Amino acid sequence: MPVLEKTFQPAEVEKKHYERWESGGAFACGSQPDGDTYTIVIPPPNVTGSLHMGHALNNTLQDILIRYARMRGRDALWQPGMDHAGIATQMVVERQLADAGNMSRRDLGREAFIERVWAWKEESGGTITSQLRRLGASCDWSRECFTMDDGLSRAVLKVFVELYKKGLIYKDKRLVNWDPQLETAISDLEVEQRETQGKLWYFKYPVEGEEGVFLTVATTRPETMLGDTAVAVHPDDERHAHLIGKHCILPLVGRRIVIVGDDYADPEQGSGAVKITPAHDFNDFEVGRRHDLEMVNIFDTTGCINDNAPETYRGLDRFTARQAVVRDIEAAGLLEKIEDHVHTVPYGDRGGVPIEPYLTDQWFADAKELAKPAISAVEDGRTKFFPENWSKTYFEWMRNIQPWCISRQLWWGHQIPAWYGPDGTVFVELDEAAAQAAADAHYGKAVELVRDEDVLDTWFSSALWPFSTLGWPDKTPELARYYPTDVLVTGFDIIFFWVARMMMMGLHFMDEVPFHTVYVHALVRDERGQKMSKSKGNVIDPLDLIDQFGSDALRFTLSSLAAPGRDIRMSESRVEGSRNFATKLWNAARFCQINGCVSGGSFDPASPSQTVNRWIVGEVAKCERDVAQQLGAYRFNEASNTLYQFAWGTFCDWYLEFCKPLLNGDDAALKAETQATAGWVLDQILLMLHPFMPFVTEELWGALAEDRPADLIRSQWPSYPDGIVDENVAKELDWVVRLITGARSVRSEMNIPPAAKVPMILKGAGGRAASWLKTHEPLILRLARLDGIRMAEDIPQGSVQFVHDEATAALPIADVIDIGQEKQRLEKEIAKVDGEIKKLQKKLSNEQFLSKAPEAVVDEQRGRLAAEETARVKLDEALKRLSAVA
RNA sequence: GGGCGCGUAGCUCAGCGGGAGAGCACUACGUUGACAUCGUAGGGGUCGCUGGUUCAAUCCCAGCCGCGCCCACCA
């Protein structure tokens, strides 16, 4: 095998392995048919989307889970696909049309426009899937879906028809959130409230038949007065109650409008009297219903004043109309005052303009009814949230859920399967033929039908994703095998939009929860904690980071920051650190390669006889145990850090250093054992790290040994025989590590030059220590930079000393030691130890503690006190020895 | 108004009942044949404040002070 280059070059390696994995079918489900299934459906990105940091996090976590499951022998399916993203996609293509020749979609016509959208999708849609590939996402691309595919569209129609026939979908004329920019209804969830500095205008409405008497109303939206059909006052409000039942003459319009008494009027707010515009305000709509008021719609679909208003205002857009109304009211002497007023204004999250409550015919889903089983499923734990707390948010919303407006006045989307007869009777069927048949039967003759023009909310099809992607409504083998899915990985921002609705639809149509776990990850922010947004210019592009540091580095960074319930602040320095980790791993592999450390595939981790080899084998097993436990609990950050510490700290910093004297020694058998062990340990690291850093690990896996039985991606997650963890060996190596660290520390503090080799004397060490010392002398000498160690009871004058368990270690350096400095150092140590002793003594002399604390805790504290007291004695002796010299 | 969450080292964050941790940054030293994208050592913290529970509180509870997010409403 060629020797590895000095550094890891991610770009070519990533491309090479990804293409090989994909074309070789490594991502495909079904390759381990005997395993239990493990299924994740991807949150389908918008077909218009490109990979942002949230996607990167979301998909990294999914990929870790799916690769881990696959390695553990599960029949893993990561189902990919994209969302047709009705509004977003339509906007993209409309903009293209406008750029190309100032043509609108209406100029083009519906059919041609939709063709245009499909053409756009083929050409430039779905760049995100290639970006997901760069991230290393091991989706089963052979099963990629699109919400507008024939199959998924059939699912949408079937769901609509069935829900309609069960009365769970219905048509209703009511106020909806209307986006005048996009000219469509949107759902409650697509409205965002923005705090706005506005004004409060006070208008005087003349009371009919009472000269000089006015009722003052206050409004933030003067233009809506053109649609007023009442004024409400509180029945108990003494200022106004006597006017109830009388009328005002609506200025500028001249309409006679009634003064009603209604609790909705809050005497504390504004003037206490409130103008009522039932067609353009949700509260007013309710008041209107209670008092049977006329509903005057004054806007057209674009938010311009329509013919229901006086002629002078017709055609003005709502903001111009506002100015005109205020001007005219003032001219009429009816403007009482204007106040500054901060309030929130509802904006459409796509169109970006204030939405208008607007009275139209729309289709609604009975969310309240559909939510019931979805609520119970979480209540009784069939679906669990991680972190558990998100279930509260879910309940909060689900228990107060409103009817879901599912129709959109767009062209790009699933057209609603409803046909109208000549008298407006609606026929909801799977296709036109069935509707025609139903209509013919209904009318008793052949009639002409007109199809409903509206399409469905994009989230309607997304709600079916966990089963529509598996073939439903057909009874496919995949549906039977992979539904319900296992875990859904998502950001909290779409719990309402998506998770809740998948729960509703999944339970309704499959009778089973769509997933048993919802893992909710946080938001990725910039390094100062700001939400990333284009307008702030603080967006970090994950692809830039991949180019710069490699996909593995980005992935590892994200997973190591993915602590449950906390937002992630992304910073380049952190990615740099992860890149360094990949480099470290690379170089450790290089070292192993140069030194012939290859596991050979048949290594038995119970076989090593040499202590450091037995030790590292046990540490591997502990690491695996921890990682498995942490991943099982979705603690990605902890699992990442466990592996980081093990690979860098335990393996590179200690074990490989321990190996060096063994590999260069003349004991051939020992050398061979060490080579095999080191090679095996490296393999274990590659295996465990693979879900997190798939590229560098796969590359090393291939580079380190020929004739691997399988690519790393297809290899089995390790499991180890009981008994390879030997706690006595762990204690022994811990003793060695601390001895080396202690020596290094005093050397550094006493300014002994790193290159200078000095002897060490161990005083008061027991027999156990003697044997350990004998075993590990070569590596202690090497790592502590010593030229000899001996056990002796006398410590020469002018030694640097430190306490090591029951022994005192000394480095005699009479010629260079600064006695004063060493004295100071020891005194500082003593002060520290004294502090500990005092604390422990206090605790251990507390009767309450002794009687109430668990015995193990008391014993532990006693042990610590004994150790500190021993250290104290040794330090004292060391100090005396030093003083005797001084 | 309702709900959720966060204040731990200079920065970003883990830990969440019994000895304060990591990464980055910082300081000193170092070309020890894997690695300077590195090594060794080190400095740095009344764990927001005040009470309470407990033998024991950074960790549990309450209140307060700061900060953030979600939902609803706003004449």
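Residue numbering restarts at 1 for every chain, and letters A, B, ... go by the order of the sequence lines. Quantities reported herein were computed from a predicted structural model and do not represent experimental measurements.
Listed nucleotides B/C35, B/C71, B/G39 differ in distance to A/Trp648; the shortest reach to its side chain belongs to B/G39.
As judged by a 4.0 angstrom heavy-atom cut-off over every strand, A/Asp493 is placed among residues making no nucleic acid contact. Base engagement by A/Ala265 is indicated by at least one non-hydrogen atom pair under 4.0 Å involving a base atom. In this structure, A/Lys6 reaches the sugar-phosphate backbone alone: every heavy-atom distance under 4.0 Å involves primed, P, OP1 or OP2 atoms, never a base. Nucleic acid contact class of A/Pro854 (heavy atoms, under 4.0 Å, all strands): base. Residue-level contact check: A/Asn641 touches neither bases nor backbone, having no heavy atom under 4.0 Å from any strand. Counting non-hydrogen atoms under 4.0 angstrom, A/Ser271 reaches nothing in the nucleic acid. A/Arg635 comes within contact range of the sugar-phosphate backbone alone, with a heavy-atom separation under 4.0 Å but no base atom that close. Within 4.0 Å (heavy atoms only), A/Arg785 reaches at least one base atom of the nucleic acid. Counting non-hydrogen atoms under 4.0 angstrom, A/Lys392 reaches the backbone sugars and phosphates but no base. Backbone-only contact: A/Arg744 has heavy atoms under 4.0 Å from sugar-phosphate atoms and none from a base. Contacts of A/Gln861 with the nucleic acid, taken as non-hydrogen atoms under 4.0 Å apart, involve only primed sugar atoms and P, OP1 or OP2. Residue A/Ser748 is in sugar-phosphate contact alone, with no base atom involved, counting any heavy-atom pair closer than 4.0 Å across all strands shown. Contact annotation for A/Cys652: base contact, defined as any heavy-atom pair under 4.0 Å involving a base atom. Nucleic acid contact for A/Phe282: none, since no nucleic acid atom lies under 4.0 Å from a heavy atom of the residue.
Counting heavy-atom neighbours within 6.0 Å of A/Glu855 CD, excluding the residue itself, gives a total of 12 or less.
Side-chain to base pairing of A/Glu657 with B/A34: one donor and one acceptor N or O lie within less than 3.5 Å of each other. With hydrogens and angles ignored, a donor-acceptor pair closer than 3.5 Å exists between the side chain of A/Lys660 and the base of B/A34.
Taking the centre and axis of the six-membered ring of A/Phe549, the NZ or CZ atom of A/Arg579 falls outside the cone set by 45° and 6.0 Å.
Of the nucleotides present, B/C11 is the one that pairs with B/G23 by Watson-Crick or G-U wobble criteria, both distances under 3.5 Å. Here B/U40 sits opposite B/A28 as a Watson-Crick or G-U wobble pair (both hydrogen-bonding atom distances under 3.5 Å). The base-pairing partner of B/C6, taking Watson-Crick or G-U wobble contacts with both distances under 3.5 Å, is B/G66. A 3.5 Å limit on both hydrogen-bonding distances identifies no Watson-Crick or G-U partner for B/A72.
Note that the CG atom of A/Leu585 and the CZ atom of A/Phe556 stand 10.0 Å from one another [nearest 0.5 Å].
Rounded to whole Å, the separation between the P atoms of B/A57 and B/A20 comes to 13 Å.
Residue A/Asp188 is the one, among A/Asp188 and A/Pro267, whose nearest nucleotide of RNA chain B lies closer to the 5' end (criterion: closest heavy atom).
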